[in-house]
There are 2 protein chains.
Amino acid sequence: MPDSTRQRRPFRREGPDLRRRELIDATLRVIASRGMDAATVRTISEEAGVTPGLIRHYFETKEDLLGAAYDQHMTTLIEMSQQAVEDASQPAVRRLARFVETTLSTPVTDPEALQLWAGFIQRVRRDEAMRRIHRTNYHSFLSCLEELISGALAARGRRPSPDDLKRLTIASNAVVDGLWLEGSALPEMLGPDELTSIALDAIGAILGLDGLNDDLRKELDK
Amino acid sequence: MPDSTRQRRPFRREGPDLRRRELIDATLRVIASRGMDAATVRTISEEAGVTPGLIRHYFETKEDLLGAAYDQHMTTLIEMSQQAVEDASQPAVRRLARFVETTLSTPVTDPEALQLWAGFIQRVRRDEAMRRIHRTNYHSFLSCLEELISGALAARGRRPSPDDLKRLTIASNAVVDGLWLEGSALPEMLGPDELTSIALDAIGAILGLDGLNDDLRKELDK
DNA sequence: CCTGTTGTTATTCGCCTGTATAACAACAGA
DNA sequence: TCTGTTGTTATACAGGCGAATAACAACAGG
């Protein structure tokens, strides 16, 4: 029974970019906290504080909204990683250690991040646009790591062949990915410090770089 | 417009265990090939060649069916891993190499396996029963790997402390997990041979075991 | 203050979902 | 051959989904 005396809900007009951004952020929040199943137009619009119809004013379909959300999420993650690395005045070994530490700490390593990742990876398989975003991001991450590894090895006077460098990078990336997975899925098992420490020991062994772990620890303690 | 002349669909009676198993297998096939979104009672029953109502005759809710499917899937994976390891007559180092190779080959490393994993991991977070299955499986996998590593190190006369052994196991497991992830998500990037080779080199470096890769390769060539 | 634009709400639609219930028929046992 | 059990089909229902449409109102430009 509708209440005919009820006023129409008041609202503010927002610039198109701001509102669009709000809808994307709300989408990511919903997926992260309640899973992809809960990400309906009604739930998302409620999270954003607007009515469901508004989503269709900014996105032609719900699929478009999800694509935009995935894109923004990935871009944010990449920027976060590269930010931890951009200070070229630091020694290469230390920049590598920082990169690993950032990836294995919140908010990158987090149950909600895993929820986002698992939700999106299912769509990646069937949606070409999402697959492109995924591939681009992966290569960007890998080449960032490769540059760091190359620099760290060069600082010790080592110049591996391109093929060897690629294999070392993939192996190091696997260590980070695997620990990210375990840290996100079972957060109570390993703290971020232990995660980082194990990762640095392992990557140090793979690359033949001793002191990777000590270097970071020294810096953190100061 | 219903066709009143249409006959009722004929059927065969199956023993309860067989039918139940068919429904679970159909569920896994649907999730693996078309994603968790497609796993509706209608799609699953069609895949199994029965009508939707039958699902409720064997499972109280759809959630129960998904839980049973997750349980069976995980059990199968564990048995597959342990099977690759059970031949105690082989040297410990070779058994470790075999374990890694099995995990990084189809059907364990496969886009469909990733689809299953991603679909279930979202439910793990909110369903206590699924979380228990998940945790149990993870520990089982880890302790299997720990035993192999312990044996391989002992064969070289090394006896690390329990804490060191645990850290080495977690790092080695991360290599396998990370490469499993990359091999499943981007199968065209790295073939199973390359995946295994990178994993064995990396784990060999982490554990300080040389020849892990050569050992397996020699055996495969013969 | 007035007016046009358009961001926003409200309402509706058809479809699909999981679940409930009743009718039916395959097979077992007599 | 008959009969009872129950595995299986058929049908119905309430609710939620994404999407379309129309009505409204906030703000900008005059």
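Each chain gets a letter, A, B and so on, in the order the sequences are listed, and its residues count up from 1. Only this structure's heavy atoms are used, side chains among them; waters, hydrogens and symmetry mates stay out.
- With rounding to whole Å, A/R9 atom CZ is found 10 Å from C/dT8 atom C1'.
- The distance from atom CD of A/E63 to atom C1' of D/dA19 is 14 Å, rounded to the nearest whole Å.
- The interatomic distance linking B/L23 (CG) with C/dG18 (P) rounds to 14 Å, in whole Å.
- Toward the 5′ end of DNA chain C lies the nearest nucleotide of A/G49, the other residue of the pair B/P10 and A/G49 mapping further downstream.
- Of the candidate nucleotides D/dT8, C/dT19, C/dT9, C/dT9 has the atom nearest to the side chain of A/V50.
- Considering only side-chain N and O atoms, B/R19 lies under 4.0 angstrom from the phosphate OP1 or OP2 of D/dT8.
- When the nucleotides C/dT9, C/dT8, D/dG7 are ranked by their closest atom to the side chain of B/Y58, D/dG7 comes out on top.
- The residues B/R131 and B/D127 are annotated as not salt-bridged, no charged nitrogen and carboxylate oxygen being separated by less than 4.0 angstrom.
- Atom CG in A/L18 sits about 13 Å away from atom P in C/dG7, given to the nearest Å.
- Under a 4.0 Å N-O distance rule, the pair A/R21/A/D17 does not qualify as a salt bridge.
- Contact detail for A/L54 and A/L23: the closest heavy-atom pair is O-CD1, 4.4 Å.
- Nucleotide D/dA22 holds its C1' atom 14 Å from the NE2 atom of A/H57, rounded to whole Å.
- Within 3.5 Å, a donor on the side chain of B/R42 pairs with an acceptor on the base of C/dG18, or the reverse.
- Here the P atom of nucleotide C/dT19 and the NZ atom of B/K62 are 8 Å apart, to the nearest Å.
- Side-chain polar atoms of A/E182 and B/N173 form a donor-acceptor pair below 3.5 angstrom.
- Look at CG on B/L54: it is 14 Å from C1' on C/dA25, rounded to the nearest Å.
- In this structure, A/R135 pairs ionically with B/E188, as a charged nitrogen and a carboxylate oxygen lie closer than 4.0 Å.
- Across the interface with DNA chain D, nearest-nucleotide mapping of A/R56 and A/D37 shows A/D37 to be the residue nearer the 5′ end.
- Close to D/dT8, at under 4.0 Å from its OP1 or OP2, lies no side-chain N or O of B/T51.
- Counting to the nearest Å, the P atom of D/dT21 and the CD atom of A/E60 are 13 Å from each other.
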